[in-house]
Amino acid sequence: MSVTLIIGSQWGDEGKGKIVDFLSLQSDYIIRFHGGNNAGHTVVNKYGKFPMHLVPSGIFSKRATGIISNGVILDLEVLISEIEMLKKSGIKLKNRLLISPRCHLIMPYHKLLDQVYEEAKGKNKTGTTGRGIGPTYADKVSYNGIRIWDLLDTKRFSEKLEIQLKIKNGILKSLGKKPLSAKTIEKTFFEMRGKIMPYIAEPFLLLQKALKEKKKILLEGAHAVFLDPDWGTYPYVTASTIVAGGINSQAGIPPKFLSDVVGVVKAYTTRVGEGPFPTELTGATGEILRKAGNEFGTTTGRPRRCGWFDAELIRFAALLNGFTSIAITKLDVLDSFSEIKVCVGYKYKGEKATYSQGDDQFLMKVVPVYKTLKGWQATTNGLTDYKKLPLNAKKYIEEIEKLTGVSVKYISTGPHRHDIIVK
Ligand code: GDP
Ligand code: IMO
Ligand code: MG
């Protein structure tokens with residue numbers, strides 16, 4: 001096991017940060033390789049509790065070097081405040097955090113465009129985090145992006161900014177927003193530049209050497225498979241590639257080196273933002289899950305929609321990404337339930353249906369088929385030994401293995417780094 005990908009397998013917030021922090025103790029490099037500060041990965045360990053948005057969640061491991069690779073888009077203000085938060089907590093970052101100069105910058109107009117697109121869509125809005133993610137990636141692929149490399153050359157930065165403001169201010173003005181001033185943007189960006197400079201270094205050659213030397217590399221996926229722009233519930237998705245193949249374009253790691261793909265799944269399902277969610281519980285049971293699991297967004301604080309475990313989704317995610325194992329999180333949240341339902345598949349107009357056969361509108365209409373399992377009604381919080389799990393909790397895990405066709409390797413039983421069973 002030398003290159004491991006951690007991949008969220010529902011609609012985000014599965015507990016990827018927790019699993020990455022745990023596995024980082026045995027890793028040499030941790031790479032955040034896509035997305036931006038729409039991600040919020042919670043880490044709870046001996047240093048405290050940290051909502052990580054950009055810096056890899058494995059930075060707390062003394063053994064590891066943290067890398068932000070080319071696929072990540074950066075809001076420099078958020079990055080700088082995260083760096084400061086970590087330094088204040090005693091985490092050394094010098095020569096331990098590397099940021100690729102290929103990373104694109106989230107500019108002030110991207111955040112405004114995110115907002116105006118959502119307003120224009122009205123009831124059809126995506127429910128974005130409002131962090132400018134879609135517009136920044138759109139500029140990247142339409143050759144309008146500004147990268148860290150541009151910021152290193154102030155003249156080039158100003159030239160590119162002037163062109164972008166010509167375009168963006170036109171759009172903003174037509175939608176009733178105030179135009180942005182180049183001077184103000186330049187001033188803040190040139191100030192921030194100095195604070196990130198010590199970390200800027202292209203990690204490509206370092207990672208190639210690490211691969212050759214069989215060092216342990218952990219790729220920290222963000223968001224989740226069903227938010228992938230190609231395979232997720234489009235248009236209710238995010239902009240960066242989430243599926244396993246994204247490690248090549250977004251981190252420079254050749255796919256042939258990938259040895260383990262760990263799908264992270266919550267013991268139930270949650271979603272923030274709009275879009276289909278077949279097993280959603282809108283009544284009292286959903287409320288109980290939200291309360292027990294403290295299901296409020298790490299990034300935006302929005303209440304998360306909650307529902308039962310959906311095996312059809314995980315089966316699909318496992319096939320698409322080639323899962324080698326599953327990490328189940330938040331098993332303890334189900335401790336008090338007398339009955340737990342699992343969606344074993346879908347029906348559409350009375351016929352068996354699968355996730356891959358339809359679009360978002362189709363998924364809104366499928367009817368989940370449930371199997372009801374007995375709860376365990378005993379505390380699993382903090383357990384670290386599989387043998388100590390209540391019998392019905394073991395049965396629940398085994399049912400998930402059977403339905404998804406993938407073995408469960410990690411079972412998280414609490415938010416802390418050490419609340420985990422390695423099966
Ligand atoms: P991520 O985005 O996938 O890293 O997940 P988030 O950090 O956004 O949300 C997961 C939440 O669940 C965080 O508050 C974690 O501290 C918490 N958490 C993670 N694993 C467990 C677990 O096994 N049990 C409980 N009760 N909480 C957990
Ligand atoms: P982590 O890494 C949960 C969702 C947003 C919205 C859609 C598009 O913490 O699991 P965006 O701002 O990306 O343009 O929003 O994607 N979304 C997430 N939901 N966890 C995340 O990240 C998410 N990242 C994006 O809620 O529905
Ligand atoms: Mg999160």
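Read the numbers this way: they start at 1 and go in the same order the structure lists the ligands and their atoms.
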message: Need the atom name: nearest N/O/S atom of Asp13 to the Mg ion (ligand 3).
response: OD1
Shortest reach to atom 9 (O) of ligand 1 by a heavy atom, considering only Arg304, Glu14, Glu295: Arg304
- request: Return the residue, atom name and 0.1 Å-rounded distance of the protein heavy atom closest to atom 3 (C) of ligand 2.
  value: Asp13 OD2, 3.3 Å
query: Does even one non-hydrogen atom of Ala224 get within less than 4.0 Å of ligand 2?
result: no
query: Can Gly127 be said to touch ligand 2, with heavy atoms closer than 4.0 Å?
result: yes
- line: atom 18 (C) of ligand 2 sits nearest the protein heavy atom Leu227 CD1, 3.6 Å
message: Tell me whether ligand 1 is touched by Gly12 - counting only heavy atoms on the residue side and a distance under 4.0 Å.
response: no
Ring centroid separation His53 to His41 under 6.0 Å: no
query: Purely on distance, is any nitrogen or oxygen of Lys18 under 3.5 Å from one on ligand 1?
result: no
- prompt: Heavy-atom contacts under 4.0 Å between Tyr236 and ligand 2: side chain, backbone, both, or neither?
  reply: neither
message: If you measure every N or O of Gly17 against every N or O of ligand 1, does any of those distances drop under 3.5 Å?
response: yes
- prompt: Can you tell me which residue and heavy atom of the protein come closest to atom 23 (C) of ligand 2, and the distance to 0.1 Å?
  reply: His223 ND1, 3.6 Å
query: What distance do Leu363 atom CG and Glu312 atom CD have between them, rounded to the nearest 0.5 Å?
result: 9.0 Å
query: Aromatic ring centroids of Tyr355 and Tyr346 under 6.0 Å?
result: no
